[in-house]
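The structure appears below as structure tokens.
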Amino acid sequence: MSHQLAARIAGLLFLISTSSYMYADSILSPLLRLPDFLMQAAQHDSTLALAALLEFINCAAVVGISILVYPIIKQYSERVAIGYIAGRVIEAAMLISGAVILMTLVTMGEKLAVSSVVNSEQIYIMGSGLKAERYFSFLMGMIALAIAGFLLNVTLFKYRLIPRSLSALGLLGYVMLLLKVLFDFFDVSMGGSWMYMPGALFELLLPLWLIFKGFDLRQQPTTAV
């Protein structure tokens with residue numbers, strides 16, 4: 001497979017990853033924010049199954065992206081290439097655990113519907129714990145993504161593999177993503193959802209550039225580090 005074909009497929013996978021996860025989040029958030037989220041999970045089991053499938057597709061796509069760009073980035077920095085794969089595998093592992101939790105919540109909701117009052121309270125407590133675990137798995141996945149994405153964009157910027165304005169946007173986006181996730185992880189009330197925007201814009205523009213232009217491989221390093 002040529003490097004440019006790999007870049008175009010990676011761009012397509014970026015779009016699949018972003019769209020699948022965003023759609024899954026859009027159908028999940030209204031349900032999981034409700035006080036009776038376990039009952040809602042049982043009543044909307046097909047919705048949660050679809051969301052879990054979409055999150056699995058997202059996880060497969062992000063790992064695929066890292067595998068496709070590995071031989072390209074390796075020419076410039078083997079450590080960054082390996083680090084990018086590692087970061088995206090960690091991200092996928094964290095997010096796939098969240099997808100599994102969705103189906104566990106469905107089962108717990110079904111048990112809740114036929115449980116006694118005492119058992120219902122225990123099930124709700126366990127369900128709340130699983131929902132919190134899903135949230136913190138997401139945060140850990142985003143930390144891995146932010147670090148891996150930042151390192152990748154350092155290489156893209158240094159060797160002008162894409163326009164420097166685009167890689168600079170990526171650097172800004174992943175730094176802000178990392179800060180936002182750390183604020184949320186330590187429950188610090190700073191920033192807001194707008195901190196996701198630079199990274200989201202980058203992950204929309206980058207795949208379009210890769211699909212239509214690919215990487216600019218004219219500048220070759222003397223040695224890969």
Side-chain angles (χ1 to χ4, degrees), residues 1-28 48-104 133-156 161-162 166-167 170-171 173-175 177-178 180-181 196 199-211 214-215 217 224:
M1 181 186 299
S2 71
H3 288 335
Q4 294 300 7
L5 178 58
R8 287 175 169 81
I9 297 174
L12 181 61
L13 289 180
F14 263 110
L15 294 178
I16 292 172
S17 167
T18 301
S19 58
S20 61
Y21 194 85
M22 287 181 65
Y23 184 67
D25 184 66
S26 71
I27 61 178
L28 279 176
L48 268 70
L50 173 60
L53 176 61
L54 289 171
E55 291 189 354
F56 174 79
I57 291 172
N58 166 66
C59 293
V62 300
V63 174
I65 291 166
S66 65
I67 293 172
L68 285 167
V69 303
Y70 172 80
I72 302 171
I73 303 303
K74 183 183 176 181
Q75 300 176 85
Y76 300 89
S77 175
E78 185 172 4
R79 286 178 291 184
V80 170
I82 294 173
Y84 188 66
I85 285 185
R88 304 239 62 174
V89 168
I90 293 172
E91 175 197 356
M94 293 295 100
L95 295 183
I96 204 69
S97 68
V100 173
I101 286 173
L102 288 179
M103 303 317 298
T104 305
E133 181 181 342
R134 173 179 160 82
Y135 173 67
F136 282 106
S137 293
F138 165 77
L139 294 182
M140 297 297 288
M142 292 302 100
I143 290 174
L145 167 61
I147 295 173
F150 181 85
L151 293 176
L152 175 67
N153 274 276
V154 169
T155 301
L156 297 180
L161 299 182
I162 59 176
L166 184 55
S167 53
L171 290 170
Y174 288 121
V175 167
L177 172 62
L178 181 60
K180 178 68 171 74
V181 170
Y196 291 122
L201 180 60
F202 171 76
E203 294 205 350
L204 173 63
L205 296 178
L206 175 64
L208 295 176
W209 183 270
L210 293 181
I211 290 170
F215 288 116
L217 303 176

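From a predicted model like this one, the values you see are computed outputs, not experimental measurements.
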Going from [atom1] on [X] to [atom2] on [Y], what distance comes out if it is rounded to the nearest 0.5 angstrom?
| X | Y | atom1 | atom2 | result |
| --- | --- | --- | --- | --- |
| L54 | Y23 | CG | OH | 7.5 Å |
| Y76 | L152 | OH | CG | 12.5 Å |
| L12 | L210 | CG | CG | 11.0 Å |
| I57 | I16 | CD1 | CD1 | 8.5 Å |
| I211 | L13 | CD1 | CG | 9.5 Å |
| L139 | K180 | CG | NZ | 8.5 Å |

Partner residues of [X] under the side-chain contact (heavy atoms from CB on, under 4.5 Å) criterion, sequence neighbours left out:
| X | result |
| --- | --- |
| L205 | L166, L169, L201 |
| T18 | M22, E203 |
| A148 | Y84 |
| I143 | M140, I147, L178, V181, L182 |

Verdict with reasoning, L156 to I73, per side-chain contact (heavy atoms from CB on, under 4.5 Å)
CA-CA 8 Å; L156 297 180; I73 303 303; 4.1 Å; yes
Tell me, which pairs form a salt bridge (charged side-chain N to carboxylate O under 4.0 Å, His left out) where one or both residues lie in residues 4-14, sequence neighbours left out?
none
Salt bridge (charged side-chain N to carboxylate O under 4.0 Å, His left out) pairs, two or more places apart, involving residues 81-90
R88-E91
Closest heavy-atom pair and its distance - [X], [Y]:
| X | Y | result |
| --- | --- | --- |
| A6 | I72 | CB-CD1, 4.4 Å |
| A144 | I90 | CB-CG2, 3.7 Å |
| I65 | A10 | CG1-O, 3.8 Å |
| N153 | G170 | OD1-CA, 3.8 Å |
| F215 | Q4 | O-NE2, 2.6 Å |
| A24 | A51 | CB-O, 3.8 Å |

Full working for side-chain contact (heavy atoms from CB on, under 4.5 Å) between L50 and I27
CA-CA 9 Å; L50 173 60; I27 61 178; 4.2 Å; yes
For F136, check ring pair (Phe, Tyr, Trp, His ring centres under 6.0 Å) against everything at least two apart and list the hits.
F185
Which residues pass the ring pair (Phe, Tyr, Trp, His ring centres under 6.0 Å) test with F14, sequence neighbours left out?
none
For residues 96-104, dump all side-chain donor-acceptor pairs below 3.5 Å to protein atoms at least two apart in sequence or in another chain.
residue: S97; atom: OG; partner: M94; partner atom: O; Å: 2.5
residue: S97; atom: OG; partner: S137; partner atom: OG; Å: 3.4
residue: T104; atom: OG1; partner: V100; partner atom: O; Å: 3.2

Are L177 and L145 side-chain neighbours, meaning at least one heavy-atom pair lies under 4.5 Å?
yes
Show every side chain to side chain donor-acceptor pair (under 3.5 Å) that has at least one partner inside residues 53-72, sequence neighbours left out.
S17-N58, E55-R134
Determine the interplanar angle of the F202 and Y174 rings, folded into 0 to 90°, and report it as parallel if under 30°, tilted if 30 to 60°, perpendicular if over 60°.
perpendicular
